[in-house]
There are 2 protein chains.
Amino acid sequence: MDLPSKWLERAVDEVAQLPGIGKRTALRLVLHLLKRPSVQTQQLAQALTDLRTNIKYCRECHNMSDQDICGLCTSSKRDRGLVMVVEDVRDVMAIEATGQYGGLYHVLGGKISPMEGIGPQDLTIGALVEKAKSGSISELIFALSSTMEGDTTNFYIFRQIEGLGIKTSTIARGISVGDELAYADEVTLGRSILQRIPFELALKS
Amino acid sequence: MDLPSKWLERAVDEVAQLPGIGKRTALRLVLHLLKRPSVQTQQLAQALTDLRTNIKYCRECHNMSDQDICGLCTSSKRDRGLVMVVEDVRDVMAIEATGQYGGLYHVLGGKISPMEGIGPQDLTIGALVEKAKSGSISELIFALSSTMEGDTTNFYIFRQIEGLGIKTSTIARGISVGDELAYADEVTLGRSILQRIPFELALKS
C-alpha cells in the first residue's frame, strides 16, 4: 500500500501489528480516528499508556488487579484449598460467569510454547509450585485450553507437583450442551465416550 | 463484562469504540499488548498521537499529504482539467492502483449523511464548487460509492455546479470482470443492462 503521508503510514503500521488486524483494517481504523474529534485519539493513546504503566497483578493468583491482592483471593467465601490453573484473565471471567466454581485461581499468563519462545520461566509456574509445596493446596484443577501447548503445560506442572499429595483434575471435555452429535468433531466425540460419566452423576448436575 | 482492573476496563472501553471492534475483541487486543514489551504500546500510542497532531491535507485536493500541496496536484503529467470526486484517501489509492486515471482528485472527506449528522458544510464541497467556478475544471467524475448517501452527495454537488458548463460523469456500475451473471445482485445486473455500451467501445478497453 502506497500511503500519501508518513504519519499515516506509521500509525497504520503500528495498528497492523495487533493480532488479526491487517493493513487494510488498520487503515480503516486509523481513518475513523481522524474523522472523530482529536480528543478521542488522545484518550485512546492515554488509556493504553496508563494501562501499561499502572496495571498490577495479584501477588497471590497473578490475575490482573488494582490491589496488591485481588478480591477473589481475599474473599472469605472461597474454598482456599481448591486452585484452578488458567491461562489469563479472560478464563477467570468465563469461569466466574458460570457461577459453578467457589475456589481460587492461579493465572499462568500463557502456555508453554517453544514455537513462540515461551518457556516455563516466562509463566508463573514457579510461584504455583511454591504454593503447592507450602501445603495450602488440596486440589489443583487444570483448565487450560486443550491444545498441544495446553497439554504440555499441564503435564509440566503435574510433574513438578507429583508426590506432594495434591489431588489433580482437569475440566471435562465433551460435546457442548445443546450440540448435535452429528456435527461434533471426532476428537471431542471420542473423548466424550472415553471419559463417559455415571448417569446418576449427570442427573445431579 | 466484569473486568478486574479499572485500567484494563478503560483501555478496553476506548479500543471498543473503534468501528467493528466489540468488547471481546478489544479485550483480546489489549491483553496482547500487555504480553508484548511495553515499548510496543508506547509506539502505538505515540504513532496515533503524532498522526492527529501532524497530519496535513493538500490545499488543492484535500487528500492527506505531508506537503502543503500533494505530489499528484503538483505533477506536470496529470490532466488538470479532469477532477474525480472521491470520499477518502482509500479511494484515491484504489483508483491510482488501476493505472487508468491521469487526472486530479477532490477528496470530500465523507458523504452527506443526515443519519450520522454529516452535512455539506462538514465536507470539502465548498472548496470544490469554488474550484469549479474558477473555470479550471473541464470534467467532473463522480466516484462515490453507490449508496443512498453517495447518490445524495453526487446530486447535491451536481446542483451546485449546474450551468457552469462543466461536463459531469460517473464511473460505470456493472458486473465485476470475471463474475458470473447468475450470482450478480439484481440491481447491479439491471443497471448493467440499462447502461450497456457499444460493443466496439468494449473491444477497445
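Reminder, nothing fancy here: chain letters follow the sequence lines and each chain counts from 1. Nothing here was measured: the structure is a model prediction, and the numbers come from that model.
- Your options are A:Met93, A:Gln67, A:Lys56, and the one with the most heavy-atom pairs under 4.5 Å with chain B is A:Met93.
- Between B:Asp66 and A:Trp7, the shortest heavy-atom distance links the atoms OD1-CD1, 3.4 Å.
- With rounding to the nearest 0.5 Å, the separation of CD1 in A:Ile55 from OG in B:Ser38 is 13.0 Å.
- The environment of CD in B:Glu180 is sparse: at most 12 heavy-atom neighbours from other residues, nucleotides or ligands sit within 6.0 Å.
- Residues B:Met64 and A:Leu8 come closest through the heavy atom pair SD-CD2, 3.6 Å.
- Heavy atoms from other residues, nucleotides or ligands lying under 6.0 Å from CZ of B:Arg173 number more than 12.
- Within the 4.5 angstrom heavy-atom criterion, only side-chain atoms of B:Val89, from C-beta onward, approach chain A.
- Around the CZ atom of A:Arg36, the shell of radius 6.0 Å holds no more than 12 heavy atoms that belong to other residues, nucleotides or ligands.
- Residue with the most contacts toward chain B among A:Ala45, A:Ala11, A:Pro19: A:Pro19 (heavy-atom pairs, distance under 4.5 Å).
- For the atom pair CD (A:Gln40) and CG (B:Leu18), the distance works out to 7.0 Å, reported to the nearest 0.5 Å.
- With a 4.5 angstrom heavy-atom cutoff, A:Arg28 touches chain B via backbone and side-chain atoms both.
- Within the 4.5 angstrom heavy-atom criterion, no atom of A:Gln42 approaches chain B.
- Other residues, nucleotides and ligands place no more than 12 heavy atoms under 6.0 Å from the CD atom of A:Glu116.
- Neither the backbone nor the side chain of B:Leu72 comes within contact range of chain A; no heavy atoms are under 4.5 Å apart.
- Sorted by first and then second residue, the pairs that involve residues 54-97 of chain B and meet ring pair (Phe, Tyr, Trp, His ring centres under 6.0 Å), not counting sequence neighbours, are B:His62-B:His106.
- Using a 4.5 Å cut-off between heavy atoms, B:Gln46 touches chain A through backbone and side chain atoms alike.
- Among the candidates B:Thr25, B:Asp2, B:Leu33, the residue making the largest number of heavy-atom pairs closer than 4.5 Å to chain A is B:Leu33.
- Atom CD of B:Glu186 sits in a sparse spot, with 12 or fewer heavy atoms from other residues, nucleotides or ligands closer than 6.0 Å.
- With a 4.5 angstrom heavy-atom cutoff, A:Gln17 touches chain B via backbone and side-chain atoms both.
- In this structure, OG in B:Ser5 is found 8.5 Å from CG in A:Asn54, a value given to the nearest 0.5 Å.
- Between atom CG of residue B:Leu48 and atom CG of residue A:Leu34 there is a gap of 9.5 Å, rounded to the nearest 0.5 Å.
- When every heavy atom of A:Arg90 is checked against every heavy atom of B:Leu31, the shortest pair comes out as NE-CD1, 3.4 Å.
- Only the side chain of A:Asp88 comes within less than 4.5 Å of a heavy atom in chain B; its backbone stays farther off.
- Heavy-atom neighbours of A:Arg24 CZ from other residues, nucleotides or ligands within 6.0 Å: at or below the threshold of 12.
- The residue from B:Val12, B:Val30, B:Thr41 that alone fulfils the side-chain contact (heavy atoms from CB on, under 4.5 Å) condition with A:Leu51 is B:Val30.
- In this structure, B:Arg52 and A:Lys35 approach most closely via the heavy-atom pair NH1-N, 4.4 Å.
- Chosen from B:Leu29, B:Asp122, B:Thr49, the residue pairing most often with chain A at heavy-atom distances under 4.5 Å is B:Leu29.
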